Amino acid sequence: MTIQGCLIRMKFDLRISPLDLSQTLGCGQAFRWRLQSDGSWVGPLADQLIKLKRTGHVIHVDANPGGSRAKRLVLDHLRAQDDVGEIQRTLAIDPVLAPGISQMRGLRIVKTNEWETLVSFILATYANIPRIMKMVETLATRFGDPIAEGVNSFPTLDRIRRVPRSDLESCGFGYRAKYIHEVSRRLDEDQIGGMKDLSYIELRKKLMELPGVGEKVADCVSLFGFGKLESFPIDVWMERALARLYGRRGSYLRLREFAQERFGQYAGYAQEYIYHNERTRAHDGVCAFTRN
DNA sequence: GCCCAGGAGTGTG
DNA sequence: CACACTCATGGG
């Protein structure tokens with residue numbers, strides 16, 4: 001251990017199965033994980049910089065600064081308590097999904113910080129993932145606190161609230177800047193805490209009262225930020241996929257009702273499988289699913 | 001210059 | 001309800 005200012009490193013191993021780091025951390029659920037040249041993934045969780053690297057069945061974790069919190073942060077983020085095998089067996093009843101799931105066994109839904117997720121997906125409206133990552137990084141660089149060399153924490157709600165509107169508008173966020181500013185002004189930590197007790201439907205409705213939060217953003221925040229696995233976010237990729245795979249078209253409401261009926265309480269996992277497949281298919285032309 | 005991107009807000013039929 | 005239009009910005 002080196003003690004140099006706040007730099008106290010900590011290493012430990014975890015066994016989380018199934019888990020594919022690239023499928024889980026590189027598919028647009030969280031925006032601050034970076035693939036390193038050695039195959040590891042590095043990103044901030046709360047005030048700690050975490051490195052994850054797989055060797056065989058073991059995930060090596062390197063936390064900086066270290067502490068007993070690091071293990072809890074990683075386990076919570078990767079939702080280690082989820083029985084992903086059971087979820088997959090349930091969803092694989094769908095003959096369209098079954099062959100694709102077998103290729104995405106290690107894709108897990110992550111649990112991200114509520115406030116960070118809300119802000120990130122407000123920024124995500126009508127942007128692509130590289131740009132979303134860039135905008136989120138800009139917020140951290142300009143308003144977050146340094147936690148490691150070159151890496152800042154995501155700014156808290158209280159911090160963003162104190163940022164002048166003109167400073168947010170100089171970040172290159174376009175029309176999204178005023179949403180972030182206004183949402184920080186309307187919310188406080190207690191309200192976010194209260195949202196954790198709401199049902200998915202209640203939470204969704206509450207989130208959609210916020211400016212810049214429509215159905216899709218509310219569903220992403222519900223799924224990733226609040227762990228509502230029945231949420232089924234529908235973006236342009238999902239619209240295309242649902243049309244192609246299931247012949248389903250129409251309004252958000254209609255597609256959402258279809259998803260609830262077809263995928264039920266684990267619709268969020270079905271969404272990630274379909275979304276991930278649709279994006280990789282656009283890249284390599286291979287579809288893992290069979291059409292309905 | 002074109003088009004698109006993990007859309008939302010507003011107004012209209 | 002559904003639909004059309006506008007809203008800023010960056011990258012292919």
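Keep in mind that the numbers below use all heavy atoms, side chains included, and drop hydrogens, waters and symmetry copies. Throughout, a chain's letter reflects where its sequence line sits, starting with A, and its residues are numbered from 1. Please read these numbers as outputs of a predicted model, since none were measured by experiment.
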Any donor-acceptor pair under 3.5 Å from A:Ser153 side chain to A:Asp145 backbone:
yes
Indicate, yes or no, whether a donor-acceptor pair under 3.5 Å links the base of B:dG7 to the side chain of A:Tyr175.
yes
Distance check: side-chain N/O of A:Lys134 vs OP1/OP2 of C:dT9, anything under 4.0 Å?
no
Over how many whole Å does the gap from A:Tyr179 atom OH to C:dA8 atom C1' extend?
11 Å
note: A:Glu215, atom CD; C:dC1, atom P; distance rounded to Å ~ 9 Å
What I want to check is whether an N or O donor and acceptor connect the side chain of A:Arg131 with the base of C:dT9 at under 3.5 Å.
yes
Out of curiosity, does A:Leu45 fall in the hydrophobic cluster containing A:Leu118 (side-chain heavy atoms, cut-off under 4.5 Å, transitive links)?
no
Less than 6.0 angstrom from the centroid, inside 45 degrees of the normal: does A:Lys196 satisfy that with respect to the ring of A:Phe226?
no
Nearest nucleotide by nearest heavy atom, which residue falls closer to the 5' end of DNA chain B, A:Arg279 or A:Leu210?
A:Arg279
Just compare B:dG9, C:dG10, B:dG7 and give me whichever is closest to any side-chain atom of A:Thr125.
B:dG7
From the set C:dA8, B:dA5, B:dA8, return the single nucleotide nearest to any side-chain atom of A:Arg240.
B:dA5
Does NZ or CZ of A:Arg279 come closer than 6.0 Å to the centre of the six-membered ring of A:Trp237, within 45° of the ring's axis?
yes
